[in-house]
Asker: 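Right, I'll just put the structure down here and ask away after.
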Amino acid sequence: MASAPRVRFAPSPTGYLHIGGARTALFNYLYARRFGGTFVLRIEDTDLERSTPESLKAILDGLKWLDIDWDEGPDKGGPYPPYFQTQRLDTYRQHAEQLIAAGKAYRCYCTQEEIRERRALAEKENRAYKYEGTCRERTDAPEGRPYVVRLKMPSQEGSVSFDDLVLGKITKEYSDLDDWVMLRGDGIPLYNFGCVIDDHLMDITLVARGQEHVNSTFPQLMLYQALGWQPPQFAHLPLILGPDREKLSKRKHKEADVMLHKANGILPEALLNFVIRLGWSHGNDEIISRQQMIEWFDFKDVGTTSGVWNPDKLLWLNQQYLKTLPSSDIAGRLAPFLAEKGHPLPAGDRRLEAFVLAFRERARTLEEMAAMAVPYLKQGVTLDEKAAAKHLTADSLKLVQQVRDEVATLPEWSVAGLDAVIKAVSERAGVGMGKVAQPIRVAVTGNTVSPGIGETLLLMGKEEALRRLDAALARG
RNA sequence: GUCCCCGUCGUCUAGAGGCCCAGGACGCUGGCCUUUCAAGCCGGUAACACGGGUUCGAAUCCCGUCGGGGACACCA
């Protein structure tokens, strides 16, 4: 492969961006970036029933959110247009005609009902259905009757094989193949046909796709052969499995939806990092930057075994990114989650970054972080009765009173100053800092869990903090 | 059912014949730190599916068994 690689991601716009699709897109993208190649996005919208513009938009939005950008395709154009299969119908028809003229394909007039019946029969008799070639040698061309175009498989013994970049050599006997349909009655191509024609015409050098496609590679190879074309290289990626160990599917697994993770407060960096480690590895590296991905990725390091979705690890990774990405960056991403909870803060509001700093070691998602921040944005607080009973005793309220008085006179409402007061009060009382900090924490947050006490008070703001302390004091 | 692929800790994986009585990560778990919760640090738990070969030597090669998944459309 002397020239720069051309790879593609070819989704069908029949739903949102699937997590498996996202990984396939990522692998293709990384390969193109690493080897100075081109990443093509082609839309396989030949399923007229199910393809929708909304789905197309959802897929494009998903890729953009993940920051996987394509070099050629929708919104971009490129030297091999069009990039939508429904706009390439003439091309498919021409190739089909050419194959028919060469005697390598034929018109089949069997009706769908007939085929369906025969298939049902085969199923009943527990054998695999193969089209029996009824129209294979047919020479007449009944006027006005609809037909599909089938590719002729060799009648002799033999086999096709290819060298998969991840699976190695795979072979299939001709006898296991049948004369498959390339063109429907309405002239719309089927997947195996459109895919081959386009991959070739778009000069795709390497096709990387999910392992569910290995079996369709054989009929495709037969088409390359019939056309006298050189097939591209293939790399079949291991599947991503749900918790039930079945292929992650939109119907059964909600986590298959890329954008659901966005809504859950997962960062795209973390999602990609998680997903790349499903089936690919670089030694013991776990946290891998985009730059490293590009530097290291190769299909030869892709594994052969399917991987099970592991939400715990995704969450862990997400927190790693929450902790290490610039806090100002995270702050901007946190805002929509707060707005969602009824607390829209203006962009650049200093509290946003303060929340990030306070909660990124405690929250695993932006969603959790926002939930943690809400009590600091509301007025007033509801005390957890158990916590109050334990920590807001008559004795401890005396300490709370001292803290309240001293803190109110502080020239500056800062972590250092606030912590100093807590420390001073506890020393004076001859008790550990916990004896003072916990009652304050409960008074101010309603509960026993929060960031450091100085930080908590700071986040609360002087006015609201004093108000809550007074409320707790009034209680006793 | 037929065909195809796969089989290392619960999960993701490192491992390309001796460096492995198998390493890392998540999870779980013990401890340290500590004003709570986290985070962090130190430690523990747990796997080469099974049976035959090949070899001085196998997680690594071969065969079989079992197990899992995928594909069998005028869907992609």
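Letters go in sequence order (proteins before strands), and every chain restarts at 1.
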Asker: Is the phosphate of B:A76, meaning OP1 or OP2, less than 4.0 Å from a side-chain N or O of A:Arg50?
Answerer: no
Asker: Can you tell me, in whole Å, how much space there is between the C1' of B:A14 and that of B:C48?
Answerer: 13 Å
Asker: Please state the C1' separation for the pair B:C21 and B:C3 - nearest whole angstrom.
Answerer: 41 Å
Asker: Of the nucleotides B:U35, B:U8, B:C4, which one has an atom closest to the side chain of A:Asn215?
Answerer: B:C4
Asker: Does a side-chain heavy-atom distance below 4.5 Å link A:Leu223 with A:Gln225?
Answerer: no
Asker: Taking only N/O atoms, report every protein-nucleotides 60-62 of chain B pair under 3.5 Å with atom names and distance.
Answerer:
none

Asker: Taking the same atom, C1', in B:U8 and in B:U60, what whole-Å distance lies between them?
Answerer: 11 Å
Asker: Expressed as a whole number of Å, how far does the C1' atom of B:A38 sit from that of B:A71?
Answerer: 47 Å
Asker: If I pick the P atom on B:G40 and the same atom on B:C26, what distance separates them, to the nearest angstrom?
Answerer: 8 Å
Asker: Identify which nucleotide among B:U13, B:A76, B:U35 has an atom closest to any side-chain atom of A:Ser216, counting heavy atoms from C-beta outward.
Answerer: B:A76
Asker: Between A:Asp163 (CG) and B:C5 (P), how many Å, whole number?
Answerer: 12 Å
Asker: Do the side-chain N and O atoms of A:Asp179 and A:Tyr106 include a donor-acceptor pair separated by under 3.5 angstrom?
Answerer: yes
Asker: Could you tell me how far B:G64 sits from B:A22 if I compare only their C1' atoms? Round to whole Å.
Answerer: 26 Å
Asker: Would you say the side chains of A:Asp285 and A:His282 form a donor-acceptor pair under 3.5 Å?
Answerer: yes
Asker: So, A:Lys130 side chain and A:Ser175 main chain: donor-acceptor pair closer than 3.5 Å or not?
Answerer: yes
Asker: B:G7, OP1 or OP2 - any side-chain N/O from A:Thr304 closer than 4.0 Å?
Answerer: yes
Asker: Donor-acceptor pair, A:Asn273 side chain versus A:Glu286 backbone, under 3.5 Å?
Answerer: yes
Asker: Just by distance, no angles: are the side chains of A:Gln85 and A:Asp45 close enough, under 3.5 Å, to form a donor-acceptor pair?
Answerer: no
Asker: For nucleotides B:A25 and B:A39, find the distance between their P atoms and express it as a whole number of Å.
Answerer: 15 Å
Asker: Please list, for nucleotides 65-68 of chain B, all pairs of protein and nucleotide N/O atoms separated by less than 3.5 Å.
Answerer:
none

Asker: Look at A:Lys323 and B:G40 and indicate whether a side-chain polar atom (N or O) is within less than 4.0 Å of OP1 or OP2.
Answerer: yes
Asker: Let's see if you can work this out: which of B:G1, B:G69, B:U11 has an atom nearest to the side-chain heavy atoms of A:Glu246?
Answerer: B:G69
Asker: Looking at A:Gln319 and A:Ala363, would you say the former's side chain and the latter's main chain have a donor-acceptor pair under 3.5 Å?
Answerer: yes
Asker: Will you find, in the side chains of A:Thr456 and A:Ser450, an N or O donor that is under 3.5 Å from an N or O acceptor?
Answerer: yes
Asker: Say we look at B:C12 and B:C6: how far apart would their C1' atoms be, to the nearest angstrom?
Answerer: 16 Å
Asker: Closest approach to the side chain of A:Leu167, judged atom by atom: which nucleotide of B:C5, B:A38, B:C26 is it?
Answerer: B:C5
Asker: Please tell me if A:Arg184 has a side-chain N or O lying less than 4.0 Å from either OP1 or OP2 of B:A76.
Answerer: yes
Asker: Under 4.0 Å between a side-chain nitrogen and a carboxylate oxygen: does that hold for A:Arg333 and A:Asp329?
Answerer: yes
Asker: Could you check which of B:U13, B:G69, B:C3 has an atom nearest any side-chain atom of A:Leu239?
Answerer: B:G69
Asker: Touch check for A:Thr46, heavy atoms < 4.0 angstrom, all strands: base, sugar-phosphate only, or nothing?
Answerer: sugar-phosphate
Asker: Would you mind reading off the distance between A:Tyr92 atom OH and B:C74 atom P, rounded to a whole angstrom?
Answerer: 19 Å
Asker: Considering only nitrogen or oxygen atoms on both sides, find all protein atoms under 3.5 Å from nucleotides 22-24 of chain B and state each distance.
Answerer:
unit_1, atom_1, unit_2, atom_2, d
B:G23, N2, A:Asn284, OD1, 2.7
B:G24, N2, A:Glu286, OE2, 2.9

Asker: Students often get this wrong, so: under 4.0 angstrom with heavy atoms, is A:His213 touching a base, only sugar-phosphate, or nothing?
Answerer: base
Asker: Please figure out whether A:Asp176 or A:Phe274 has its closest RNA chain B nucleotide nearer the 5' end.
Answerer: A:Asp176
Asker: Do A:Phe218 and A:Phe162 touch side chain to side chain, with heavy atoms closer than 4.5 Å?
Answerer: yes
Asker: Distance check needed: B:C9 P versus A:Asp312 CG, whole Å only.
Answerer: 18 Å
Asker: Classify the side-chain pair A:Arg441/A:Gln438 by whether it contains a donor and acceptor separated by less than 3.5 Å.
Answerer: yes
Asker: Indicate yes or no for a side-chain donor-acceptor contact from A:Thr217 to the backbone of A:His213 under 3.5 Å, with no hydrogens or angles considered.
Answerer: yes
Asker: Salt bridge between A:Lys250 and A:Asp257, side-chain N to carboxylate O under 4.0 Å?
Answerer: no
Asker: Using the side-chain heavy atoms of A:Lys247, tell me which of these nucleotides is nearest: B:G70, B:C3, B:U36.
Answerer: B:G70
Asker: Choosing from B:U35, B:G70, B:U13, which nucleotide comes nearest the side chain of A:Ser281?
Answerer: B:U13
Asker: Taking only Lys NZ, Arg NE, NH1 and NH2, and the carboxylate oxygens of Asp or Glu, determine whether A:Asp164 and A:Lys169 approach each other closer than 4.0 Å.
Answerer: no
Asker: Kindly point out which of B:G1, B:C5, B:U35 is positioned nearest to the side chain of A:Gln211?
Answerer: B:C5
